[in-house]
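Structure, as structure tokens:
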Amino acid sequence: MRENWPPAKIALNPEKRVLFLTKDLELIKQQLYDGLNLKMEDLTVDDLLDDINTDVMTPAWVCFDHDPAEIAKNAYAGLMHNGLRVFNENALKNGNFEVIVSGQRKGTGSSRETAPQCERWAGINIVIAASFAPIHAQNNINLGQIMGDHSMLERLQKGENIALEEFTSRYDKVTQIILEKGGLFAFAKLLKNGEIKLPPLDTPPRPMTMAEKIIARNLVGQVEGQCVKPNDPVIAQVQGGYSHEFTTAQVHTFLQNEYGEDYTLPNPSKFAVFEDHLLYAHHNPKFVPHMDKIQTLRDLQVEFQKHTSVRDYSAKDGVSPGICHQVAREEFIEVGDFIQATDSHTCMGGASNALTWGVGATEYANLISAGFTSIKVPESIRFELVGTLVPGCTAKDVILYILADHAREELTLNRSMEFGGEGLASLSIDERATLCNMATECSGRTGICEADDLLFEWMLKSQPHLDLETQKSRAVHSDEGAQYHGGVHTINMSEIQPMVAHPGNPDEGIPSDPTNGANITDIGDVSIDIAYGGSCTAGKADDVAYYAQVCQAAENAGLVVKEGVDFYIQYGSGLVKDLAVNEGWHDLFGRVGVKLIDPGCGACIGAGPGVSITPEQVTVSAINRNFQGRSGPGKLYLASPLTVAASAFMGIITSWHEELFN
Ligand code: SF4
């Protein structure tokens with residue numbers, strides 16, 4: 001914790017400096033290395049870098065360090081000029097800066113908390129930008145970073161003292177208190193000790209969405225039956241959560257720093273650790289130099305698990321029990337739960353009619369030690385699914401369609417994406433998980449599906465210890481008249497054709513993005529080098545059944561995987577693999593030339609077999625993100641499990657139909 005931060009009046013420290021992240025990268029270098037000091041009054045907002053993404057601030061390799069002080073040494077390591085780093089090691093820290101200034105939309109991209117950490121632990125206390133990406137702003141708030149705009153900076157540089165309140169007044173009451181107390185940890189401690197009283201909610205009884213209902217019944221410090229509305233700042237209990245080896249070490253370190261080496265957790269059995277993300281990291285030559293740090297992350301996760309006794313999903317003999325989101329829904333997420341975990345695809349749990357979303361390490365460390373979390377009730381958008389899927393289509397095509405047509409700031413941004421309607425009832429629970437999983441690609445806060453008998457049946461089959469009546473009583477349905485700020489959108493599934501999200505065209509400034517939807521019939525003949533079926537989105541039982549359906553048809557037609565194509569299938573969990581073995585699919589895959597990989601994450605984050613090696617290679621993949629470079633340097637098309645498997649045998653991107661191989 002920083003001593004005496006923040007003060008009641010914010011002023012610039014005369015011994016410290018202000019760093020302007022200018023579009024002219026030479027100017028940044030002069031500030032870093034030649035002592036140049038700039039003033040806001042001499043610049044315009046247009047002179048400053050826009051859309052600084054979190055990957056620029058802390059590229060993936062920087063995140064192999066768990067100690068924020070180490071992360072800060074490589075702050076902005078991803079900002080390159082003529083192939084070289086603009087920020088050399090320790091450049092931000094050694095520059096003696098306390099303010100950092102940029103243009104529009106600071107902190108876009110992934111939700112990684114290491115991005116604001118790299119600034120804070122390099123000495124930055126005040127972050128100035130015209131606007132901030134929502135999750136990045138939340139991470140700043142949790143770390144106690146003060147955010148302001150350019151006119152405030154101009155006043156500060158003229159020697160003015162600005163009341164802290166002026167920086168915090170744009171936020172809700174709870175966020176104001178978090179910032180005034182210096183961040184989430186300090187706030188939570190005071191709340192736990194009864195030194196802070198939360199303002200009572202005055203939201204009157206009202207019809208609520210599914211997300212609102214789950215939050216309302218978990219409210220802390222409010223009267224029984226209190227309703228919530230969007231943007232209400234509340235403290236809510238969580239029923240469980242999990243972290244993985246990329247994030248656990250930080251959680252452990254933060255808890256040790258805040259509560260001492262002998263800290264304890266009140267409810268360890270409700271939380272878990274997973275070893276799933278970096279099991280195959282040694283396959284990526286770029287990660288090989290960092291294997292010692294990766295081993296440290298693994299060791300610290302083991303230490304955390306032993307110290308706290310949370311549920312243990314470590315790899316055994318080098319094999320992971322599975323991807324955290326898949327195993328969590330198979331083994332411990334229950335209907336109606338409120339779950340938070342340190343990964344953006346936590347939203348996949350919404351298929352179980354639970355409210356689930358990803359949080360940063362600070363928020364997670366806080367909530368597992370306190371048992372509650374501070375949130376703002378999200379707005380909602382509803383998708384009313386009607387009709388049934390046409391042959392060759394899966395839920396993946398539905399969400400690619402929604403990504404292409406609805407993933408816009410005014411519709412999905414930061415909202416709970418609610419899926420319901422008679423069309424949903426025709427989708428299996430695994431297919432519903434695909435919809436919820438990719439809510440985060442829509443920039444939604446989460447996805448949540450209506451509960452029905454199919455769900456209860458699936459829950460009891462997956463977790464036989466559960467009681468049917470209890471699960472039914474925990475289910476939430478949205479109320480008649482509930483408010484959807486993103487609107488209610490009817491999606492006729494029978495009108496959706498097999499789709500891809502294409503890799504864009506960098507020459508025309510179109511980035512590779514999951515929102516680049518196109519019907520397969522419109523993309524012409526696209527030859528492929530790699531077909532990849534796996535990940536949390538597409539390594540579930542029903543996905544593997546789709547791969548098996550196509551592979552069986554191929555075998556019946558005397559086909560094997562097309563020469564020159566590598567077709568990988570990676571199971572989402574040990575249970576999914578067991579199913580594949582028992583059904584004979586595992587052997588079938590082997591007979592037709594599929595390369596099989598044990599459960600876990602892998603190529604999806606560029607850390608496992610199935611990544612591209614050259615920029616020319618083309619991949620069709622059932623994963624959820626096609627951001628440039630995430631799964632190797634090649635071009636990556638997102639598609640359904642059926643399309644991936646069909647394409648592997650045809651050698652070009654092809655949608656599946658029963659007669660394809662005849
Ligand atoms: S499979 Fe990919 S998207 Fe899913 S949790 Fe692992 S790395 Fe993340």
Side-chain angles (χ1 to χ4, degrees), residues 54-55 60 63-64 109-112 241-248 272-281 283-284 287 294 297 301 313 315 320-330 333 339-351 356-360 364 396 399-400 403 430 433-444 446-447 501 512-514 532-540 543-544 568-574 576-577 597-611 619 621-627 629-632 636 638 641 644:
T54 52
D55 204 60
C63 306
F64 292 139
S110 106
S111 59
R112 67 187 63 168
Y242 48 94
S243 58
H244 51 66
E245 75 269 43
F246 229 141
T247 54
T248 303
V273 290
F274 286 89
E275 192 175 354
D276 56 355
H277 270 62
L278 298 171
L279 218 56
Y280 302 95
H283 281 264
N284 185 334
F287 291 174
I294 290 173
L297 293 180
Q301 174 157 287
Y313 293 99
S320 169
I323 302 168
C324 52
H325 312 305
Q326 173 64 11
V327 177
R329 57 190 281 272
E330 285 170 349
I333 295 177
I339 301 285
Q340 302 215 304
T342 58
D343 193 280
S344 55
H345 288 102
T346 304
C347 49
M348 177 164 158
T356 59
W357 68 65
V359 292
Y364 187 72
K396 184 60 162 286
I399 195 68
L400 288 177
L403 269 153
D430 276 1
T434 299
L435 298 179
C436 292
N437 179 289
M438 290 184 69
T440 190
E441 274 66 47
C442 300
S443 302
T446 190
S512 192
D513 196 273
Y532 178 86
S535 81
C536 51
T537 332
K540 301 174 257 90
D543 303 312
V544 177
Y568 299 89
I569 291 178
Q570 184 165 21
Y571 301 114
S573 72
V576 173
K577 181 179 176 183
I597 313 167
D598 274 326
C601 309
C604 178
I605 42 161
V611 295
T619 300
S621 177
I623 62 174
N624 41 33
R625 288 181 172 161
N626 59 344
F627 300 142
R630 181 176 162 93
S631 194
L636 192 142
L638 299 178
V644 165

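Remember, it's 1-based here, ligands and their atoms both numbered in the order they're listed.
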Look at the rings of [X] and [Y] and say which category their plane angle falls in: under 30° parallel, 30 to 60° tilted, over 60° perpendicular.
X      : Y      : value
Tyr568 : Tyr532 : tilted
Tyr280 : His283 : tilted
Tyr242 : Phe274 : perpendicular

Revision key, fill the gap. Counting from 1 in the order shown, the ligand 1 atoms closer than 4.0 Å to a non-hydrogen atom of His277 are 5 (S), 6 (Fe), 7 (S), 8 (Fe)
Point to revise | Atoms in ligand 1 flagged as close to Ile605, the criterion being non-hydrogen separation under 4.0 Å | key: 7 (S)
Review point. With respect to atom 5 (S) of ligand 1, which of Met348, His325, His345, Met438 exhibits the smallest heavy-atom separation?
Key: His325
Review point. Among Ala341, Gly608, Cys601, Gly358, which one has a heavy atom closest to atom 6 (Fe) of ligand 1?
Key: Cys601
Review point. For ligand 1, does Arg630 get within less than 4.0 Å through its side chain, its backbone, both, or neither, judged by non-hydrogen atoms?
Key: side chain
Review point. Which bit of Asp276 gets closer than 4.0 Å to ligand 1, counting heavy atoms only: side chain, backbone, both or neither?
Key: neither
Review point. Are any of the side-chain heavy atoms of Gln570 and Lys577 separated by less than 4.5 Å?
Key: no
Review point. Would you say the side chain of Ile623 lies within less than 4.5 Å of the side chain of Leu636, judging by non-hydrogen atoms?
Key: yes
Exercise for review: State the CZ-OG1 distance between Arg112 and Thr342, to the nearest 0.5 angstrom.
Suggested key: 13.5 Å
Review point. How close does the nearest protein non-hydrogen atom get to atom 2 (Fe) of ligand 1, and which residue and atom is it?
Key: Cys604 SG, 2.3 Å
Review point. Is any N, O or S atom of Cys536 under 2.8 Å away from atom 4 (Fe) of ligand 1?
Key: yes
